[in-house]
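Heads up, the thing below is written out as structure tokens.
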Amino acid sequence: MGIRFDFGYILANGTALLEGLWMTVLVSLISILLAAAIGVAGAAARVFRVPVLSQFFAGYVEFVRNTPLLAQLFFIFYGLPSIGMGLSVFWSGVAALTIWGGAYNVENMRGGFLAVSKGMREAALSLGLKPLHYLWLVAIPLGLRVAIPAMLNTSVSVLKNSSYLQAIGFAELTFVAMDRVATDFRTLEMFAAIGTLYLALVLLLSFAVRRLEWHLQRPFRTS
Amino acid sequence: MSEAPVIRVRGLVKTFQGVRALDGVDFEVAHGEVVVVIGQSGSGKSTLIRCLNGLVEPDAGEVLVGGEAVDTHSQADWRRLRQRIGMVFQDYALFPHLTVTRNITLAPVRTGRATQAEAEELARQLLERVRLPEKAAAYPAELSGGQQQRVAIARALAMRPDAMLFDEPTSALDPETIQEVLDLMRELARDGMTMVIVSHEMGFAREVADRVVFIDRGRVVETGTPDAIFRNAREARTRDFLAKIL
């Protein structure tokens with residue numbers, strides 16, 4: 001019996017795959033942006049030792065990093081409704097991925113902030129700027145530049161981890177593939193197809209982040 | 001007209017991890033006066049100048065700016081006063097991600113002192129003054145150390161300060177660019193700017209200072225005109241220090 005790889009089968013399921021792809025892109029993009037925002041805010045609270053918030057984010061990072069994402073996802077989707085905080089399957093997914101990615105980004109961005117020299121802060125303050133001005137206009141742009149490679153890693157992980165959402169029945173790419181496989185048993189074609197789509201998404205995301213990095217690095221390239 | 005000193009401190013004490021960086025310092029600078037603070041590394045000069053604009057919070061003592069007592073523990077109080085006291089750092093501390101013009105316009109615009117257009121016009125004038133008009137759109141990394149320090153001076157001047165603090169402004173510079181920064185500081189002094197300068201440039205101190213203050217182990221040992229200090233120092237510690245570096 002020869003190996004038969006049926007491209008036609010993939011094409012026949014193209015619409016379903018594209019719908020799954022779109023859901024993966026949507027849930028990942030929202031989560032990546034929110035996780036980046038949490039990372040910046042949490043790292044700022046940690047580095048500038050904002051009382052209460054600093055301790056809160058330290059605990060948050062430890063909790064998220066030391067428990068499995070799948071358990072977090074189940075907690076949010078199955079656990080929270082019993083205390084009246086039920087979220088739709090989509091927003092449960094966004095919440096789980098955002099909370100997970102945010103924790104890693106707090107650490108990524110903390111490294112970025114720590115790389116900004118103390119002199120920058122003194123210079124900003126000595127010009128009569130407020131600490132928030134310093135944070136927004138100086139520390140964040142300079143810190144991001146350092147933190148971006150690590151934040152890209154985390155963002156790629158958020159994107160790939162969106163496949164966990166099939167476990168709560170969210171119709172993203174992996175869910176669509178599993179669903180097809182359950183009826184047609186064409187595992188090879190389906191998983192090759194979604195593998196290729198994930199790879200394309202990650203490459204696209206990396207490219208976009210490299211553009212951002214290039215932009216942030218521009219002032220530091222001397223001709 | 002007898003004016004209150006622009007900056008006056010009394011009984012300033014600051015301890016870092018058990019070491020007394022400042023041990024009861026009295027110091028003042030009058031309007032239009034140029035004071036050069038000299039002393040060995042670790043003598044407390046930088047701590048003193050940083051106490052004058054609140055970058056270091058003294059443990060004890062009082063600070064008066066324009067005769068007004070500062071609550072040295074209140075960041076809001078300091079923020080208001082810092083807009084009247086410019087500071088120039090040893091390592092220039094320009095914001096590396098912003099162009100020269102944006103470095104200069106940032107504070108006047110964000111503190112509400114000028115509109116963007118006014119600030120940009122002011123930046124143009126200041127860049128003329130520091131002789132770098134062609135660098136308006138450059139980033140700090142594209143400038144030499146001396147050029148960066150001149151931009152840093154322009155940035156501080158953009159807030160139209162009553163006084164300027166210079167913390168070893170030429171210590172990080174190549175010998176060939178030191179002069180261009182000292183020339184600019186000479187001009188500022190001639191124009192009547194009130195200046196407190198921590199420096200190791202004794203030739204410059206002798207030429208430009210109205211008064212020289214020698215600090216050792218966190219105390220003001222001796223203060224006087226450049227002539228009095230450099231030719232006829234009364235204290236043995238001052239003479240020892242000068243003998244070592246001159």
Side-chain angles (χ1 to χ4, degrees), chain A residues 36 40 43-45 47-51 53-54 108-109 111-151 209-223, chain B residues 46 49-50 52-57 75-100 102-113 137-144 148 151-152 155-161 164-167 172:
Chain A
V40 171
V47 170
F48 301 109
R49 300 203 181 96
V50 181
L53 281 182
S54 176
N108 295 336
M109 194 63 201
F113 279 138
L114 290 175
V116 178
S117 77
K118 188 167 157 259
M120 290 292 102
R121 185 159 186 271
E122 292 193 336
L125 294 184
S126 75
L127 285 164
L129 292 171
K130 292 179 182 168
L132 271 179
H133 281 140
Y134 163 69
L135 178 68
W136 186 247
L137 300 166
V138 180
I140 289 178
L142 290 177
L144 264 184
R145 173 178 158 260
V146 176
I148 266 197
M151 288 176 85
V209 173
R210 286 226 179 78
R211 289 289 304 180
L212 175 63
E213 199 180 357
W214 183 88
H215 181 72
L216 288 172
Q217 292 287 3
R218 200 159 56 102
F220 299 86
R221 280 191 295 271
T222 52
S223 42
Chain B
S46 280
I49 205 169
R50 281 175 146 69
L52 302 184
N53 76 344
L55 289 181
V56 169
E57 204 178 285
Q75 281 305 306
D77 234 23
W78 274 122
R79 192 158 56 244
R80 200 163 45 74
L81 292 167
R82 285 182 191 128
Q83 297 180 15
R84 292 162 46 187
I85 303 173
M87 181 143 186
V88 173
F89 298 87
Q90 181 174 349
D91 61 356
Y92 342 123
L94 292 178
F95 305 125
H97 59 304
L98 302 178
T99 63
V100 163
R102 279 268 286 153
N103 262 281
I104 298 172
T105 59
L106 189 69
V109 172
R110 294 292 169 164
T111 56
R113 293 201 143 205
Y139 286 102
E142 297 167 312
L143 308 182
S144 72
Q148 290 193 51
V151 172
R155 177 176 70 175
L157 288 173
M159 292 299 284
R160 302 186 192 281
M164 293 267 282
L165 310 175
F166 294 83
D167 189 9

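We name chains A, B, ... by the order of the sequence lines, and we start the count at 1 in each one.
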For [X], is it the side chain, the backbone, both, or neither that has a heavy atom closer than 4.5 Å to a heavy atom of chain A?
X: B:F89; value: side chain
X: B:L81; value: neither
X: B:L165; value: neither

>> Please determine whether side-chain contact (heavy atoms from CB on, under 4.5 Å) holds for the pair B:Y139 and A:R218, giving the CA-CA distance in whole Å, both sets of side-chain angles, and the decisive distance to 0.1 Å.
In response: CA-CA 9 Å; B:Y139 286 102; A:R218 200 159 56 102; 3.6 Å; yes

> By number, which residues in residues 116-123 of chain A have some heavy atom less than 4.5 Å away from chain B?
Replying inline: A:G119, A:M120, A:E122, A:A123

What are the two closest heavy atoms between [X] and [Y], and how far apart are they?
X: A:P219; Y: B:P96; answer: CB-O, 3.4 Å
X: B:T111; Y: A:G128; answer: CG2-O, 3.5 Å
X: B:R155; Y: A:L127; answer: CD-CD1, 3.6 Å

> Which value, rounded to the nearest 0.5 Å, describes the distance between B:R110 atom CZ and A:W136 atom CH2?
Replying inline: 10.0 Å

> So, does B:H97 use its side chain to make a donor-acceptor pair with the main chain of A:L137 at under 3.5 Å?
Replying inline: yes

>> As an exercise: rank A:P141, A:P131, A:S126 by heavy-atom pairs under 4.5 Å with chain B and give me the winner.
In response: A:S126

